[in-house]
A.B. asks: 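Quick one: the structure is below, and I'll ask about it shortly.
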Amino acid sequence: MDNITNTTNSRKDFLKITALTGAATLLNACNFFDKKENQSPKSEARLNKPIVLSTWNFGLAANDAAWKILTNGGRALDAVEAGVMVPEGDPTERSVGYGGRPDRDGRITLDACIMDELSNIGSVACLEYIKHPIQVARAVMEKSPHVMIVGDGALQFALEQGFKKENLMVPDSEKEYKEWLVKSEYKPIANIENHDTIGMIALDAAGNLSGACTTSGMAFKMHGRVGDSPIIGAGLYVDNEIGAATATGHGEEVIRIAGCHLVVELMRQGRNPEEACKEAVMRVVKLMEIRKKDLKDIQVGFIALNKQGEYGSYCVQDGFTYAVYDENGNNLHTPNSHIVLKKEAKPKLDTLKK
Ligand code: GLY
């Protein structure tokens, strides 16, 4: 009998606790979102001091476009989209959008993703014939019930949304491709100085974060190969309470550690942006060592920005740059790196290995 009473009481207590916990959770959830649908989580953001960061030297021109929006009180989401569209539309940039290098079948396939302060996300992978894949990624986010559309489906979706089908091959890319075909050696190279993914993260005057990432991927990759850039959590991650991060370099290594999600989580745990990027890079390094791979064959770089407007970066080997536009102007930075290559030992990064 006692046992039954005890069991009944324990069950009652359990139900009481569960009900109270449930109510508390519900209350917390209501406070967290302040009862208004689609309102950003509260946090102590830096206000009225926008900032934008992007990868590589071409980040300078991209930042200019983003800054115009940010400085007029625009939304970080609009700024990062407009920013990355600059290298996407530039036929002289060999690794992004129009003018990007083809895969080994001679097809230019593009990857992009975008994420806003409400954790809305959109992504396309292996998209052909569309000059601005970032706009298609945004359309996936805003006009489809999905978060990622790939290949023929992505093209079909883009055309349905009114995007124009264009030939993205420029004469210089075609020439490089024909030269590569002579040996057709399959050695995808990601560490191409100033010629890799553009990843951009921004904090707007309202204190909200967004990010965008876009690339044509590794030159002469296998058809259908997808890197980190269109994968939320790998090539890009934004948490409006904490910060944002984006990546460049060897996508396989970034995916392996869920890189940008890791960087943001490390910032959540108290690391500053550079410390978070460094810890993520060191995880790449460790996994390369465990797998007995040569670190010098790869490059990975992260850039990160926290909610207070502090930023930082770290990369596997030197040669990586990133651009920051804030109240001090638009400036190029060289992050610390795990490997500092001697000048003469530096691989000719902007030349594709034959
Ligand atoms: N980070 C670009 C790629 O690996 O495709």
Side-chain angles (χ1 to χ4, degrees), residues 54-59 93-96 100-101 103-104 111 176-177 179-180 182-199 213 215-222 225-229 231 234-235 245-260 262-263 266 273-304 312-323 332-354:
S54 54
T55 53
W56 301 103
N57 292 6
F58 56 26
E93 292 300 349
R94 291 278 89 78
S95 60
V96 183
R101 294 185 180 90
D103 64 20
R104 67 180 187 179
D111 301 333
E176 275 188 31
Y177 176 58
E179 283 165 11
W180 177 82
V182 175
K183 284 194 180 166
S184 306
E185 198 178 352
Y186 191 56
K187 267 191 188 169
I189 310 297
N191 189 13
I192 301 168
E193 214 167 37
N194 298 332
H195 292 278
D196 189 72
T197 311
I198 177 130
C213 188
T215 187
S216 53
M218 284 181 178
F220 317 133
K221 61 195 175 186
M222 278 184 192
R225 179 265 181 190
V226 173
D228 60 313
S229 303
I231 299 179
T246 189
T248 182
H250 206 108
E252 282 74 2
E253 302 316 316
V254 179
I255 293 171
R256 204 180 308 283
I257 62 158
C260 288
L262 175 62
V263 171
L266 288 166
E274 182 181 326
E275 287 166 351
C277 292
K278 182 174 181 182
E279 205 163 323
V281 162
M282 294 317 290
R283 205 169 289 189
V284 169
V285 170
K286 186 177 168 192
L287 295 184
M288 288 289 285
E289 283 166 2
I290 286 172
R291 288 159 46 244
K292 300 195 183 339
K293 303 279 181 191
D294 191 347
L295 258 190
K296 292 213 173 68
D297 289 344
I298 67 141
Q299 172 65 302
V300 168
F302 294 103
I303 60 174
S313 173
Y314 204 82
C315 52
V316 169
Q317 51 178 298
D318 64 358
F320 172 49
T321 56
Y322 67 106
L332 206 60
H333 296 251
T334 304
N336 289 319
S337 62
H338 177 65
I339 303 175
V340 179
L341 296 170
K342 280 200 213 125
K343 233 184 169 105
E344 62 274 19
K346 232 182 217 185
K348 206 166 177 328
L349 298 174
D350 57 355
T351 305
L352 294 159
K353 281 187 197 165
K354 300 251 176 72

A.B. asks: Just verifying a value: how many Å separate Ile339 CD1 and Leu295 CG, rounded to the nearest 0.5 Å?
C.D. replies: 4.5 Å
A.B. asks: Does Arg225 come within less than 4.0 Å of Glu252, counting only side-chain N to carboxylate O?
C.D. replies: yes
A.B. asks: Taking NZ, NE, NH1 and NH2 as the nitrogens, is one of them in Glu253 or Arg256 under 4.0 Å from a carboxylate oxygen of the other?
C.D. replies: yes
A.B. asks: How long is the gap from OH on Tyr177 to OG on Ser184, to the nearest 0.5 Å?
C.D. replies: 7.5 Å
A.B. asks: Kindly write out the residues that satisfy side chain to side chain donor-acceptor pair (under 3.5 Å) with Glu279, not counting sequence neighbours, or none if the list is empty.
C.D. replies: Arg271
A.B. asks: Does Arg283 CZ have over 12 foreign heavy atoms under 6.0 Å away?
C.D. replies: no
A.B. asks: Do Met288 and His250 touch side chain to side chain, with heavy atoms closer than 4.5 Å?
C.D. replies: no
A.B. asks: With rounding to the nearest 0.5 Å, note down the distance linking CG in Asp228 to OG1 in Thr246.
C.D. replies: 8.0 Å
A.B. asks: Roughly how far, to the nearest 0.5 Å, is CZ of Arg94 from CZ of Arg101?
C.D. replies: 6.5 Å
A.B. asks: Where is the tightest heavy-atom contact between Ala304 and Pro273, given as atom of each residue plus distance?
C.D. replies: O-CB, 3.6 Å
A.B. asks: Carefully, step by step, assess Ile255 and Ile231 under the rule side-chain contact (heavy atoms from CB on, under 4.5 Å).
C.D. replies: CA-CA 8 Å; Ile255 293 171; Ile231 299 179; 3.8 Å; yes
A.B. asks: Are Ser313 and Phe302 side-chain neighbours, meaning at least one heavy-atom pair lies under 4.5 Å?
C.D. replies: no
A.B. asks: Do His338 and Met282 make a side-chain contact, defined as non-hydrogen atoms from C-beta onward lying under 4.5 Å apart?
C.D. replies: yes
A.B. asks: Between Asn57 and Thr321, do the side chains contain a donor N or O and an acceptor N or O under 3.5 Å apart?
C.D. replies: yes
A.B. asks: Could you pull out the closest heavy-atom pair between Ala247 and Ala234, with the gap in Å?
C.D. replies: CB-O, 4.2 Å
A.B. asks: Could you check if a side-chain atom of Ser216 sits within less than 4.5 angstrom of a side-chain atom of Val96, using non-hydrogen atoms only?
C.D. replies: no
A.B. asks: Are the side chains of Ile257 and Leu287 in contact, using a 4.5 Å heavy-atom criterion?
C.D. replies: yes
A.B. asks: Only counting residues at least two apart or in another chain, list the ones meeting side chain to side chain donor-acceptor pair (under 3.5 Å) with Thr248.
C.D. replies: Trp56, Asp196
A.B. asks: Under the criterion side-chain contact (heavy atoms from CB on, under 4.5 Å), I'd like the reasoning laid out for Val285 against Glu289: C-alpha separation, chi angles, the key distance, then a yes or no.
C.D. replies: CA-CA 6 Å; Val285 170; Glu289 283 166 2; 3.5 Å; yes
A.B. asks: Using side-chain heavy atoms (C-beta onward) and a distance below 4.5 Å, is Asp103 in contact with Phe220?
C.D. replies: no
A.B. asks: Please check: side-chain N/O of Gln317 versus main-chain N/O of Ile298, any donor-acceptor pairing under 3.5 Å?
C.D. replies: yes
A.B. asks: Could you tell me whether the side chain of Gln299 and the main chain of Val316 form a donor-acceptor pair under 3.5 Å?
C.D. replies: yes
A.B. asks: Measuring from Phe320:CZ to Ser337:OG, what's the distance to the nearest 0.5 Å?
C.D. replies: 11.0 Å
A.B. asks: At what distance, to the nearest 0.5 angstrom, does CD of Glu275 lie from OH of Tyr314?
C.D. replies: 12.0 Å
A.B. asks: Could you pull out the closest heavy-atom pair between Gly227 and Asp111, with the gap in Å?
C.D. replies: N-OD2, 3.7 Å
A.B. asks: A side-chain contact here means heavy atoms from C-beta on lying under 4.5 Å apart; do Thr197 and Ser95 qualify?
C.D. replies: no
A.B. asks: So does Gly235 get a backbone contact from the side chain of Ser229, meaning a donor-acceptor N/O pair under 3.5 Å?
C.D. replies: no
